[in-house]
> 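Below you will find the structure I want to go over with you.
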Amino acid sequence: HLRRVRTHAAPRSDPPNCWKMAADVAGLAGRPLVLCDCPFFREFQEELFDKHVRCIFLSDILKKGADEIGAEDVAAVLQGRCAHSSVVVEDIVGVVSHQHVPFRGVELSLLPNLRVVSNHGVGYGHIDEAYLKDRGLPLGFTPGAASGPTAELGVGLILASARNLIPSVERARAPDTTSFDPYWYGSSVTGATLGVVGFGEMGQQLVKRIRGFDMKVLYFNRTRKMELEVELGATWCQGGLEELLRESDFVVLCVASAPETRGLIGAAQFRAMKRSATLVNLARGDVVVQDDLVDALRSGTIAAAALDVTMPEPLPRDHPLLKMENVIVTSHIGSATKADRRRMAEMCLENLLAGLEGRDLPTAVHQRKEQGQKRKVGSA
């Protein structure tokens, strides 16, 4: 069994010891075998995962980046159809999804001794949750860890878009710039109306961080959160999403990717927005109908967009959104601070180890269906 001692998530100058492990089988061979889509940041991989499990990586086997790996590649590895693969599927007892490679039920069914799937991140639409639930296997994720840093980025994107920050930097650096346009005005953030679509942890963190700008805050959520309205100074839109879109200067998407939110913002929603409005997407690329967004920007239906997420990622190099001066596209860096990503890695590992032991996962999408006798991590 494992003995774990938690420490603070923040990086330290001395080597951290987030988990102390006593294994009844010494050495690498005694550690459980886990299938991962790709390695973590080297420090996290070595100091966290490699001390407790043996990881095999799809990216290494396939000689591909994680964003190039599809479900058919996962199947090829597990079915022994990959030239570089010598995976023994019976030995794999855990799966870790680090960079959201798809794990469908048809591939997971090839792992007869699978005990747990642990997802690094909040969104788990790439994992066949229904299959795991039917099979009685737990699925872990890392809620909350990404909300704060993603909210910080949201504030940055609002400011950068409103004040023409990116094109201004480009003009200041351009070799042919000989003067600045004194009448190139941006938009004021102070006193403007912020519309938050999705008032979960991320939406709330965004409002907390932007309060210094004295913005009027509206929110749209499936359920009203009256206890937070006074605390955060937010107003629920009784008229629904359309009311929020009609009234907001900055519309920020903070919803999870789910069947009911895919395509949530399309042509009709853009027509409901102010012509001076900016769309900020911190959620997932599939929440927005991207072709409709291009049309809305080209026609002046809305003024600007700032996107940390797109569909696909990265966008094709000739995509129209990459050529528009009124569009900011970042490389899905919402939670990309070292301290926050380490915390996410720790949560992912905690869920993995708990599932391997037969314990309840600390942060689970769903738990094991039947909590049978706990097994040793090194056992088959």
> Which residues satisfy the side chain to side chain contact (heavy atoms under 4.5 Å, CB included) test with Pro175, sequence neighbours excluded?
none

> Going only through I, L, V, M, F, W and Y residues with side-chain contacts under 4.5 Å, is there a path from Ile265 to Phe250?
no

> Backbone N or O of Lys63 within a donor-acceptor pair of the Asp60 side chain at under 3.5 Å?
no

> Check Pro314 against Asp67 and note the closest heavy-atom contact, atom names and distance.
CD-OD2, 3.9 Å

> Should Leu58 and Leu114 be counted in the same cluster of Ile, Leu, Val, Met, Phe, Trp and Tyr side chains packed under 4.5 Å apart?
yes

> How long is the gap from CG on Leu293 to CG on Leu307, to the nearest 0.5 Å?
6.0 Å

> Grab the two heavy atoms, one from Val101 and one from Ala66, that are nearest each other, plus how far apart they are.
CG2-O, 3.5 Å

> Step through the shown structure and confirm whether more than 12 heavy atoms of other residues, nucleotides or ligands are within 6.0 Å of CD on Glu68.
yes

> Give a yes or no answer on whether the side chain of Ser109 reaches the backbone of Val106 with a donor-acceptor pair at less than 3.5 Å.
yes

> Tell me the closest heavy-atom pair linking Gly121 and Phe141, and the distance in Å.
O-CB, 3.3 Å

> Begin with the C-alpha distance, continue with both residues' side-chain angles, and end with the deciding distance and a verdict on side chain to side chain contact (heavy atoms under 4.5 Å, CB included) for Phe270 and Asp292.
CA-CA 8 Å; Phe270 291 124; Asp292 291 351; 4.0 Å; yes

> With no hydrogens and no angle check, do the side chains of Asn113 and Glu90 hold a donor and an acceptor under 3.5 Å apart?
no

> Is any NZ, NE, NH1 or NH2 atom of the basic residue among Arg171 and Glu325 found under 4.0 Å from an Asp or Glu carboxylate oxygen of the other?
yes

> Any salt bridge between Lys338 and Glu43, counting N to O under 4.0 Å?
yes

> What is the minimum heavy-atom distance between Pro138 and Arg368, and which atoms define it?
CB-N, 3.6 Å

> For Leu157 and Thr278, run side chain to side chain contact (heavy atoms under 4.5 Å, CB included): C-alpha distance rounded to whole Å, both residues' side-chain angles, the deciding distance at 0.1 Å, then the answer.
CA-CA 10 Å; Leu157 289 175; Thr278 296; over 6 Å; no

> On a heavy-atom basis, which atom in Pro32 and which in Val93 lie closest, and how many Å separate them?
CB-CG2, 3.6 Å

> Could you grab the distance from atom NE2 of His120 to atom SG of Cys36, nearest 0.5 Å is fine?
11.5 Å

> Do the side chain of Asp340 and the main chain of Pro149 share a donor and acceptor less than 3.5 angstrom apart?
no

> Answer yes or no: are there more than 12 heavy-atom neighbours, outside Asp134 itself, under 6.0 Å from its atom CG?
yes

> Do Val329 and Ile158 share a hydrophobic cluster (ILVMFWY, side-chain heavy atoms under 4.5 Å, transitive)?
no

> Apply the test salt bridge (Lys or Arg N to Asp or Glu O under 4.0 Å) to residues Glu260 and Arg222: give CA-CA distance (whole Å), side-chain angles for both, the deciding distance (0.1 Å), then the verdict.
CA-CA 11 Å; Glu260 61 269 23; Arg222 286 181 298 178; 3.8 Å; yes

> Side chains of His98 and Pro39: closer than 4.5 Å at any heavy-atom pair?
no

> Could you tell me whether Arg135 atom CZ has more than 12 heavy atoms of other residues or ligands within 6.0 Å of it?
yes

> Same cluster or not: are Phe220 and Met273 linked, directly or through other Ile, Leu, Val, Met, Phe, Trp or Tyr residues, by side-chain heavy atoms under 4.5 angstrom apart?
yes

> Using side chain to side chain contact (heavy atoms under 4.5 Å, CB included) as the criterion, list what pairs up with Cys237, not counting sequence neighbours.
Leu218, Glu243, Leu244

> How is the hydrophobic cluster of Tyr185 composed, in terms of its other members, when Ile, Leu, Val, Met, Phe, Trp and Tyr link through side-chain heavy atoms under 4.5 Å apart, directly or indirectly?
Tyr183

> Would you say the side chain of Leu137 lies within less than 4.5 Å of the side chain of Val117, judging by non-hydrogen atoms?
no

> Applying side chain to side chain contact (heavy atoms under 4.5 Å, CB included), run through Leu48 and Arg342 and close with a yes or a no.
CA-CA 9 Å; Leu48 301 176; Arg342 183 183 181 94; 3.8 Å; yes

> What is the ring orientation for Phe40 with Phe49, classed by angle as parallel under 30°, tilted 30 to 60°, or perpendicular over 60°?
parallel

> Looking at Asp37 and Gln99, would you say the former's side chain and the latter's main chain have a donor-acceptor pair under 3.5 Å?
yes

> Evaluate Glu231 against Glu227 for side chain to side chain contact (heavy atoms under 4.5 Å, CB included), listing each step before the verdict.
CA-CA 7 Å; Glu231 177 187 343; Glu227 71 282 0; over 6 Å; no

> Are Val196 and Phe213 joined in one hydrophobic group, where the rule is that I, L, V, M, F, W and Y side chains link up if heavy atoms are under 4.5 Å apart?
yes

> Quick check: does any side chain N or O of Asn351 sit under 3.5 Å from a backbone N or O of Cys348, one acting as donor and the other as acceptor?
no

> Tell me whether the count of non-hydrogen atoms from other residues, nucleotides or ligands lying under 6.0 Å of NZ in Lys64 goes above 12.
yes

> Any heavy-atom pair between the side chains of Ser97 and Ile127 that's under 4.5 Å?
yes

> Check Leu282 against Cys254 and note the closest heavy-atom contact, atom names and distance.
CD1-SG, 4.4 Å

> Measuring from atom NZ of Lys274 to atom OG1 of Thr193, what distance do you get when rounded to the nearest 0.5 angstrom?
5.0 Å

> Apply the side-chain contact (heavy atoms from CB on, under 4.5 Å) test between Arg262 and each candidate in Val287, Asp286, Val288; give the one that qualifies.
Asp286

> Report yes if the side chains of His332 and Arg284 come closer than 4.5 Å at any heavy-atom pair, otherwise no.
yes

> Please answer whether the main-chain N or O of Gly123 pairs with a side-chain N or O of Asn119 as donor and acceptor at a distance below 3.5 Å.
yes

> How about Ser188 and Thr190: does a side-chain donor come under 3.5 Å of a side-chain acceptor?
no

> Just by distance, do the side chain of Thr310 and the backbone of Pro312 share a donor-acceptor pair under 3.5 Å?
yes

> Checking Asn326 side chain against Ala303 main chain: does a donor-acceptor pair fall under 3.5 Å?
yes

> Nearest 0.5 Å please: distance from the CD1 atom of Ile302 over to the CZ atom of Arg271.
12.5 Å

> Rounded to the nearest 0.5 Å, how far apart are CE of Met215 and CG of Leu194?
4.5 Å

> Check whether Arg31 reaches the backbone of Asp50 with its side chain - one donor and one acceptor, N or O, closer than 3.5 Å.
yes

> With distance as the sole criterion, is a donor-acceptor pair present between the side chains of Asp249 and Ser276 under 3.5 Å?
no

> Under 3.5 Å, side chain of Arg317 to main-chain N/O of Leu315, donor-acceptor pair present?
yes

> Less than 4.0 angstrom from a charged side-chain N to a carboxylate O is my criterion; do Glu229 and Lys225 meet it?
no

> When rounded to the nearest 0.5 angstrom, what is the spacing between OH in Tyr124 and CG in Leu132?
11.5 Å

> Parallel, tilted or perpendicular: which describes the rings of Phe199 and Tyr219, with under 30° parallel and over 60° perpendicular?
parallel

